[in-house]
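The block underneath contains the structure these notes are about, expressed in structure tokens.
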Amino acid sequence: DLDPERVREAALAGDTVVHSFVWDKASKHMTDLGSFGGWYSHPNWINDNGDVVGISSYADNTRRAFYWHNNMLQDLGTIDTDDRSVAVGVNNVGLIVGYTFDNGGNEIRGFISDNGGALVDINTLIDKPHGLYVAAAYYINDRDEIVGFAYTKKGEIHPVVLIPESDADPSADTGPD
């Protein structure tokens, strides 16, 4: 989870640069995760292995999802021509979830990444979308169950829990049309 004693963002007094950092309570050492050259980075989640995901900016203020693993900050990119991305959750095997968004902050599509690999639109992984379009993924647990939100064909917003097919009950209700 986002343990405020382990991962935060900070800036020095009078500084306009805000960076993510990891705090090691035992050694009382703060590790700056850096940024992609811009003024801002924000952590969203840290897993039990110390992997951190969040968002960071470039000098031109482009914002991208990041994955901090083995002391390296990685740009996760985006999908197709989507403007920006943010990583929101990471489980203990390194599956990362988040969403892409436009310059206005509107969510475009939820994604998943396997240990920093290419972002995959979650909607392409749903065999029977039931009229739902996953716009954002916010959390993934160690059973690979994902929590996010989706739009119906009517434009209504609904929370969703996505369960891997191997764990799904085929007789379960499929949700709204």
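Checked for salt-bridge contact, Glu156 and Lys154 miss the test: no charged N lies under 4.0 Å from a carboxylate O.
Every side chain to side chain donor-acceptor pair (under 3.5 Å) that Asp60 has, sequence neighbours left out, goes to Thr62. Applying the side chain to side chain contact (heavy atoms under 4.5 Å, CB included) criterion to Ala150, with sequence neighbours excluded, gives Leu132, Val134, Val160. For Asn106, the side chain to side chain donor-acceptor pair (under 3.5 Å) partners two or more places apart in sequence, or in a different chain, are Asp102. Considering only residues two or more places apart in sequence or on other chains, Leu73 meets the side chain to side chain contact (heavy atoms under 4.5 Å, CB included) condition with Phe36, Phe66, Trp68. Judged as a side chain to side chain contact (heavy atoms under 4.5 Å, CB included), and not counting sequence neighbours, the contacts of Ser27 are Asp24, His29. Every side chain to side chain contact (heavy atoms under 4.5 Å, CB included) that Glu107 has, sequence neighbours left out, goes to Tyr99, Ala135, Ala136, Tyr138, Phe149. Asn49 pairs by the side chain to side chain donor-acceptor pair (under 3.5 Å) definition with nothing, not counting sequence neighbours. Applying the side chain to side chain donor-acceptor pair (under 3.5 Å) criterion to Asp114, with sequence neighbours excluded, gives no partner residue. Every residue two or more places apart in sequence or in another chain that forms a salt bridge (Lys or Arg N to Asp or Glu O under 4.0 Å) with Asp121 is listed here: Arg109.
How far CD1 of Ile79 is from CG of Asn123: 9.0 Å, rounded to the nearest 0.5 Å. Taking CD1 of Ile112 as the reference point, atom CG of Leu125 lies at 7.0 Å (rounded to 0.5 Å). Once rounded to the nearest 0.5 Å, the distance linking CD1 of Ile140 with CD1 of Ile122 reads 7.5 Å. Rounding to the nearest 0.5 angstrom, the gap separating the OG atom in Ser35 from the CZ atom in Arg63 is 11.0 Å. Here Leu119 contributes atom CG and Leu76 contributes atom CG; the two are 5.5 Å apart, rounded to the nearest 0.5 Å. Separating the CG atom in Asp83 from the OG1 atom in Thr100 is a distance of 9.0 Å, to the nearest 0.5 Å.
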| said: Go through it in stages, so that I can follow the logic: the residues are Trp45 and Val52, the test is side chain to side chain contact (heavy atoms under 4.5 Å, CB included), and I'd like the CA-CA distance, side-chain angles, deciding distance and then a yes or no. | reply: CA-CA 6 Å; Trp45 201 265; Val52 180; over 6 Å; no
| request: Could you check Trp23 against Lys28 for side chain to side chain contact (heavy atoms under 4.5 Å, CB included), going step by step and ending with a plain yes or no? | output: CA-CA 7 Å; Trp23 170 254; Lys28 297 184 179 176; 3.7 Å; yes
| Going through the distances and angles, do Tyr40 and Asn61 end up as a side chain to side chain contact (heavy atoms under 4.5 Å, CB included)? | CA-CA 9 Å; Tyr40 180 76; Asn61 207 29; 5.9 Å; no
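Using modelled atom types, one side-chain atom of Asn44 and one backbone atom of Ala87 make a donor-acceptor pair closer than 3.5 Å. Looking only at distances, a side-chain donor or acceptor of Tyr133 sits under 3.5 Å from a matching main-chain atom of Ile108. A donor-acceptor distance shorter than 3.5 angstrom exists from the side chain of Ser20 to the backbone of His42, with no hydrogens or angles considered. Of the possible donor and acceptor atoms, none in the side chain of Asp80 sits under 3.5 Å from a partner among the backbone N and O of Asp82. A donor-acceptor pair is defined here as one N or O able to donate and one able to accept, closer than 3.5 Å; no such pair exists between the side chain of Asn47 and the backbone of Val90. A donor-acceptor pair is defined here as one N or O able to donate and one able to accept, closer than 3.5 Å; no such pair exists between the side chain of Ser113 and the backbone of Ile96.
Annotation: side chain of Asp144 is in contact with side chain of Asn91 (closest heavy-atom distance under 4.5 Å). Within the 4.5 Å cutoff, side-chain heavy atoms of Ile157 are placed close to those of Tyr151.
Follow the hydrophobic side-chain contacts under 4.5 Å out from Met72 and you never reach Leu33; the two are in separate clusters.
The shortest heavy-atom contact between Ser41 and Gly34 is OG-O, 3.0 Å. Taking both residues in full, the closest heavy atoms of Ala137 and Phe111 are given as CB-O, 4.1 Å, listed atom of the first, atom of the second, then distance. Of all heavy-atom pairs between Arg64 and Arg84, the closest is NH1-CA, 3.7 Å.
Listed by first and then second residue, the side chain to side chain donor-acceptor pair (under 3.5 Å) pairs involving residues 70-79 are Tyr58-Asp75 (not counting sequence neighbours).
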